[in-house]
Number of protein chains: 2
Amino acid sequence: MVSTETEPARRATSVQRAVAEIRRMLRSRELVPGQQVRQETLAARLGVSRIPVREALKTLEAEGVLRHEPHVGYAVARLNADELAQVYLMRRALETEVIRAFPRLSADQLRELTALNEAITEQVDKVDVAGIVAANQAFHFAMFRLSGLDLVVDEIDRLWRRSEPYRTVHLYDSGGRARVVREHRKMITALRRGDTEAVVALMDAHRDHTVADLSAALGLPPRA
Amino acid sequence: MVSTETEPARRATSVQRAVAEIRRMLRSRELVPGQQVRQETLAARLGVSRIPVREALKTLEAEGVLRHEPHVGYAVARLNADELAQVYLMRRALETEVIRAFPRLSADQLRELTALNEAITEQVDKVDVAGIVAANQAFHFAMFRLSGLDLVVDEIDRLWRRSEPYRTVHLYDSGGRARVVREHRKMITALRRGDTEAVVALMDAHRDHTVADLSAALGLPPRA
DNA sequence: CTGCACAGGATTGGATACGAAATGATGTTC
DNA sequence: GAACATCATTTCGTATCCAATCCTGTGCAG
């Protein structure tokens, strides 16, 4: 979905802009888990009425990043350690399927992945957290899309967004940044060999590092 | 989500009722893939204004059962053979994870599953297609929920709904109905032994039968 | 007959204003 | 201190309106 936004043709509707804006606020930690999201406030901020805002909120609720309670309102979803683990379980299951569906990559495709990975390095140097997150995501989804399994990749996209407020915390830690780029290089090497099983193993390790950092950062999971 | 609708406590909002009603219309084939969904018509039918209807439509769009094009409107999503295959691929991946997470079941739990499966037989005798679909779904999700992986099961629920307009076609065929109940019995037997890998294998076969029937029923996949 | 421009109707997108209903907090009474 | 009434806030939903867009069909020119 987010990666499918390749239609600058028609001007976006207010709902689409509202969804994009709320997602941006989540990425930038302007909205954090548990926080109430007030319709009127958002509407004013976006310069639109409440109607498109409410539709945007419903979209994000269905996606799992917001929760809604009737007559109380919307709030950013809080995930406890167990729920976060489930999200990563689903990611592992689906990403594994996608990787196994990879065709043999062309030289061009390998070059592009390499370029995207090096782009992460640049962001690392600039210590721009938002940039790192975006570049990292761009690399992984460029890879995922190679499978041709668009619906599955869309689903993975949803799962990434669902854990976004938590992953962002994790990437503030500088320790793992260099490692990320290194691990990506290994994946590209494996892809060059057409060794998808190696990529699966590398991705599993890659995710595990994130989960480990995350659990540490979370400490005791926030309780509802 | 649908299985989590265990809150008759508070009166449902118009949006919730609209979502439920549209889902019902999809199950009953009152709405079929490709069909346009007119907001005004739905609103009149539900006795509400367009606003809650639009929010309901957004929810179902995010779920993947409806598609939306700005200024054109909502339509029931059409899946071609490839997309349908992807939905089943995801189901296999996630359902496998859920089954592997099953604990050893108590006698009570096994009894309940058996009862749910026998309930399907009753529906089969009555040749009530909607009843069969509901009973079948009830059996499988009662099973899935035993895993305790609620978020994953919710996701599976979404995938089931996504293919619902197509699965319904499939169950109109009487051939497989008896087989379904038989295959469920085998699963219960395997569960009694605590042999989750056997259940995984049985579910894989179970799904494959559906896919086979589906492809046959679809014939040449409907083109956009 | 075909292609195209244009006009009108239908539908969606969105704003505004209003009222109803539910919630959570506050204060009051016993 | 607990139960209860009150009240402001926020959300839920309606009604009405207008703009933007799409679709269709009609007429005209080639």
Side-chain angles (χ1 to χ4, degrees), chain A residues 1 5-23 25 30-63 65-78 223-224, chain B residues 1 5-23 25 30-32 34-63 65-78 224:
Chain A
M1 308 240 174
E5 276 172 16
T6 40
E7 300 190 52
R10 266 185 306 287
R11 194 170 143 280
T13 65
S14 296
V15 178
Q16 295 171 322
R17 280 185 286 119
V19 170
E21 174 66 8
I22 298 172
R23 284 212 251 264
M25 290 171 77
E30 212 165 327
L31 290 174
V32 297
Q35 185 172 340
Q36 273 275 329
V37 181
R38 224 149 298 275
Q39 306 179 353
E40 201 76 56
T41 311
L42 257 177
R45 182 199 173 85
L46 291 165
V48 297
S49 76
R50 275 171 36 222
I51 283 93
V53 170
R54 278 170 60 171
E55 289 184 38
L57 292 171
K58 266 277 171 283
T59 297
L60 294 163
E61 183 201 3
E63 227 164 60
V65 302
L66 296 183
R67 288 209 202 293
H68 175 70
E69 196 174 351
H71 297 108
V72 175
Y74 293 85
V76 182
R78 300 178 75 141
R223 276 289 148 199
Chain B
M1 307 243 177
E5 276 172 17
T6 38
E7 301 190 51
R10 269 185 305 287
R11 193 170 146 280
T13 65
S14 296
V15 179
Q16 294 172 323
R17 280 185 287 119
V19 170
E21 173 66 7
I22 298 171
R23 283 213 251 265
M25 290 171 77
E30 212 166 326
L31 290 174
V32 297
Q35 185 172 341
Q36 274 275 328
V37 180
R38 221 145 305 269
Q39 304 178 357
E40 200 77 55
T41 311
L42 257 177
R45 183 199 172 83
L46 291 164
V48 298
S49 75
R50 271 170 54 210
I51 283 90
V53 169
R54 280 168 60 171
E55 289 185 39
L57 292 171
K58 266 279 170 283
T59 297
L60 294 163
E61 183 201 2
E63 229 163 59
V65 302
L66 296 183
R67 288 207 203 293
H68 174 69
E69 196 175 351
H71 298 108
V72 176
Y74 293 85
V76 182
R78 298 178 75 138

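What you see is a predicted model; the values in this text were computed from it and never measured. Quick note on labels: first sequence line is chain A, next is B, and so on, each numbered from 1.
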### Message
Could you tell me how far apart A:Glu55 (CD) and C:dG14 (C1') are, to the nearest whole angstrom?
### Response
9 Å
### B:Glu55 side chain reached by B:Pro52 side chain, heavy atoms, under 4.5 Å
no
### Interatomic distance where CD belongs to B:Glu40 and P belongs to C:dA10 [whole Å]
13 Å
### Query
How many Å lie between CD on A:Gln39 and P on D:dT9, as a whole number?
17 Å
### Task
Return the value, rounded to whole Å, for the distance between atom CZ of A:Arg38 and atom P of C:dG24.
12 Å
### Task
Tell me which of A:Val72 and B:Val72 sits closer to the 5' end of DNA chain C, going by the nucleotide each one is nearest to.
B:Val72
### Task
Would you kindly check whether a donor in the side chain of A:Arg50 faces an acceptor in the base of C:dG14, or vice versa, at under 3.5 angstrom?
no
### Summary
Distance col, row A:Thr59:OG1 vs A:Glu63:CD, nearest 0.5 angstrom, shows 7.5 Å
### Query
For B:His71 and D:dA19, what is the distance between atoms NE2 and P respectively, to the nearest whole Å?
14 Å
### Query
Reckon A:His68 has a side-chain N or O less than 4.0 Å from the OP1 or OP2 of D:dT10?
no
### Atom-pair distance (OH on B:Tyr74; C1' on C:dT12), nearest Å
10 Å
### Task
Using the side chain to side chain contact (heavy atoms under 4.5 Å, CB included) rule, take A:Met25 and A:Leu42 through it: C-alpha gap first, then chi angles, then the decisive distance, then the call.
CA-CA 11 Å; A:Met25 290 171 77; A:Leu42 257 177; 4.1 Å; yes
### Task
Start with the C-alpha gap between B:Leu60 and B:Val19, add the side-chain angles, then the distance that decides, and say whether side chain to side chain contact (heavy atoms under 4.5 Å, CB included) holds.
CA-CA 7 Å; B:Leu60 294 163; B:Val19 170; 4.3 Å; yes
### Query
By salt bridge (charged side-chain N to carboxylate O under 4.0 Å, His left out), which residues pair with B:Glu40, not counting sequence neighbours?
none
### Task
To the nearest Å, give me how far apart CZ (B:Arg54) and C1' (D:dA15) are.
14 Å
### Summary
By nearest-heavy-atom nucleotide on DNA chain C, the more 5' of A:Val48 and B:Gly73 is B:Gly73
#### Entry: Between C:dG14 (C1') and A:Leu46 (CG): distance, integer Å
14 Å
### Task
May I ask you to say what A:Thr13 touches in the nucleic acid, namely base, sugar-phosphate or nothing, with a heavy-atom cut-off under 4.0 Å?
sugar-phosphate
### Task
Check whether any side-chain nitrogen or oxygen of B:Ser14 sits under 4.0 Å from OP1 or OP2 of D:dG13, and answer yes or no.
yes
